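One structure below.
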Amino acid sequence: MLQGDRSGERAVIYARVSTGIQINGTSIEGQLDEVRAWAAKNGFEIVGEYTDEGESGRTTNRVNFRRMLAELGSTQANAILCWKHSRLFRCLEDAIMHKHLLLRKGVRLISISEPIEDGPVGRLVEHILMAINEFYSANVAEDSLRGLCELARQGYLTGPALYGYDSVTVQNSKGYLKRKAVINESKAQIVRKIYEWRAQGTSLKAIPNKLNSMKIPSPRGGKWQSSTIYNILFVFQEKYLGNLIYNRRGHKGVLNDTTRIKPRKEWVIVQGGLPAIVTPEMAEAVNRMRDLRRMPRPKQ
């Protein structure tokens, strides 16, 4: 990312943190203060400031990052200032693509704490820094996944409790606070009723209508949808049977697809890791109804 003192340039500032609390001067305000001081010293006029808090640099799908790019024309900025390269990108591909697109528009990316000169050597150093940022992010994601998998193996929650359960804080044998799932009986009764209705032949479209007419809030607090019923009956069935499951989908990280279902052999499955809400007989009855729907109808 090119450096240099070009007095009179118009610039916007971008700052980002992955979590609400950062240390070593990397907070949002810490970044902004340093960049503002550098801009004043080097003759840049600041025409906009954009920040994203709690957002990963592994993706460019950040609200204010995208707003900054969209408003470059109206602000007439010809430079984007940041505290470090990693505040803008932690994906090498994203960094290279956006840098070239912005340069075509006459907009430079400037990291105030990592000065890089123009020329072949500068470009080499820049690409090395980008690669290091991506490696760091991928390494952190891998370590995080490893730790979360181990938590799951020990029967602890790694995310929000599933509908029908509450999350409670417990102390493990080493004195650390962890989270366990306990049954929320009022919601568990709704789960059991959904299984009962389906086993009796009530359709996936009719079940949410029943619940909505009873004014029972959905897991997200709104109206029930057929997709929610399907997830409770089939996607989360193993969990409702009492198995804690983690690492079923792609983990957040560079180039990872979080919608991809991983091979079952990669899942962390802890039998008895959750208190069961439905019985094997209830699940079998529901599955039998699904199998009946899949059977070919006899020709007339």
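One is the number of the first residue; the rest follow in order along the sequence. Fair warning: this is a prediction, and the values are worked out from it, not measured in the lab.
Between the Ser167 side chain and the Ala161 main chain, no donor and acceptor come within less than 3.5 Å of each other. Not one N or O on the side chain of Asn231 forms a donor-acceptor pair closer than 3.5 Å with the backbone of Val235. A donor-acceptor pair is defined here as one N or O able to donate and one able to accept, closer than 3.5 Å; no such pair exists between the side chain of Asn42 and the backbone of Phe44. Proximity of a side-chain donor or acceptor of Thr202 to a complementary backbone N or O of Arg198 within less than 3.5 Å is not detected. Side-chain atoms of Tyr195 come within 3.5 Å of backbone atoms of Leu233 as a donor-acceptor pair (strictly under, hydrogens ignored).
From Ser218, atom OG reaches atom CD1 of Ile190 across 11.5 Å, with rounding to the nearest 0.5 Å. One distance of note links CD1 of Ile229 with CD1 of Ile207; it measures 5.5 Å at 0.5 Å rounding. Taking CZ of Arg288 as the start and CD of Glu281 as the end, the distance is 10.0 Å to the nearest 0.5 Å. Atom CG of Leu109 is separated from atom CG of Leu103 by 6.5 Å, given to the nearest 0.5 angstrom. Taking NE2 from His85 and OG from Ser111, the interatomic distance works out to 4.0 Å, rounded to the nearest 0.5 Å. Taken to the nearest 0.5 Å, the CD1 atom of Ile110 stands 9.0 Å off from the SG atom of Cys82.
Shown here for Lys239 and Leu274, the closest heavy-atom pair between the two residues is O-CD1, 3.7 Å. Of all the heavy atoms in Ala152 and Tyr246, the pair that sits closest is CB-CB, 3.6 Å. Residues Thr75 and Leu72 share a closest heavy-atom pair of OG1-O, 3.1 Å. Of all heavy-atom pairs between Val286 and Ala199, the closest is CG2-N, 4.3 Å. Across every non-hydrogen atom of Asn64 and Asp52, the tightest pair is N-OD1, 3.1 Å. In this structure, Trp38 and Ile112 approach most closely via the heavy-atom pair CD2-CG2, 3.5 Å.
At a threshold of 4.5 Å between non-hydrogen side-chain atoms, the residues Val191 and Phe236 do not count as touching. Between Tyr14 and Leu81 the shortest side-chain heavy-atom distance does not fall below 4.5 Å. In this structure, Val12 and Val47 have side chains that are in contact, with non-hydrogen atoms separated by less than 4.5 Å. Trp267 is listed as a side-chain neighbour of Ile261, based on a closest heavy-atom distance under 4.5 Å. In this structure, Leu102 and Ile80 have side chains that are in contact, with non-hydrogen atoms separated by less than 4.5 Å. Put simply, the side chain of Asn212 does not reach to within 4.5 Å of the side chain of Lys215, judged on heavy atoms. Counting heavy atoms from C-beta on, the side chains of Phe89 and His98 come closer than 4.5 Å. Contact of the Pro208 side chain with the Thr228 side chain is not registered, since no non-hydrogen atoms from C-beta on lie closer than 4.5 Å.
Few gaps surround CD on Glu185; more than 12 heavy atoms of other groups in view lie less than 6.0 Å from it.
Salt-bridge formation is not detected for the pair Glu34/Arg87: no Lys NZ or Arg NE/NH1/NH2 atom is positioned less than 4.0 Å from an Asp or Glu carboxylate oxygen. Between Glu196 and Arg192, none of the side-chain N atoms (NZ, or NE/NH1/NH2) sits under 4.0 Å from a carboxylate O, so this pair counts as no salt bridge. A salt bridge between Glu266 and Arg248 is absent, with no side-chain N of the basic residue lying under 4.0 Å from a carboxylate O of the acidic one.
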Check the pair Gln237, Asn287 against side-chain hydrogen bond (donor to acceptor under 3.5 Å, both in side chains), reporting the backbone distance first and the verdict last.
CA-CA 10 Å; Gln237 186 181 103; Asn287 294 338; 2.9 Å; yes
List the steps, then state whether side-chain contact (heavy atoms from CB on, under 4.5 Å) holds for Leu151 with Lys178.
CA-CA 9 Å; Leu151 269 182; Lys178 306 294 180 183; 3.8 Å; yes
Report the C-alpha distance between Ile194 and Leu211 in whole Å, list the side-chain angles of each, state the deciding distance to 0.1 Å, and finish with yes or no for side-chain contact (heavy atoms from CB on, under 4.5 Å).
CA-CA 9 Å; Ile194 290 171; Leu211 293 169; 4.0 Å; yes
Working for side-chain contact (heavy atoms from CB on, under 4.5 Å), residues Val17 and Gln31
CA-CA 10 Å; Val17 291; Gln31 294 173 46; 3.6 Å; yes
Between Val182 and Tyr165, does a side-chain contact (heavy atoms from CB on, under 4.5 Å) hold up when you go through it step by step?
CA-CA 5 Å; Val182 296; Tyr165 297 97; over 6 Å; no
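Between the side chains of Arg179 and Thr169, not a single donor N or O lies within less than 3.5 Å of an accepting N or O.
The cationic atom of Lys180 (NZ for Lys, CZ for Arg) lies less than 6.0 Å from the six-membered ring centre of Tyr156 and within 45° of the ring axis. Judged by the 6.0 Å distance and 45° axis criteria, Arg16 is not positioned over the aromatic ring of Phe65. A cation-pi geometry, defined here as NZ or CZ lying under 6.0 Å from the six-membered ring centre and within 45° of its normal, holds between Lys210 and Trp197.
In summary, of the residues considered (Glu71, Arg67, Arg66), a side-chain hydrogen bond (donor to acceptor under 3.5 Å, both in side chains) with Tyr50 occurs for Glu71 alone.
Ring centroid separation for the pair Tyr163 and Trp224 comes in under the 6.0 Å cut-off.
Each of Leu69 and Val63 belongs to its own hydrophobic cluster when Ile, Leu, Val, Met, Phe, Trp and Tyr are linked at side-chain heavy-atom distances under 4.5 angstrom.
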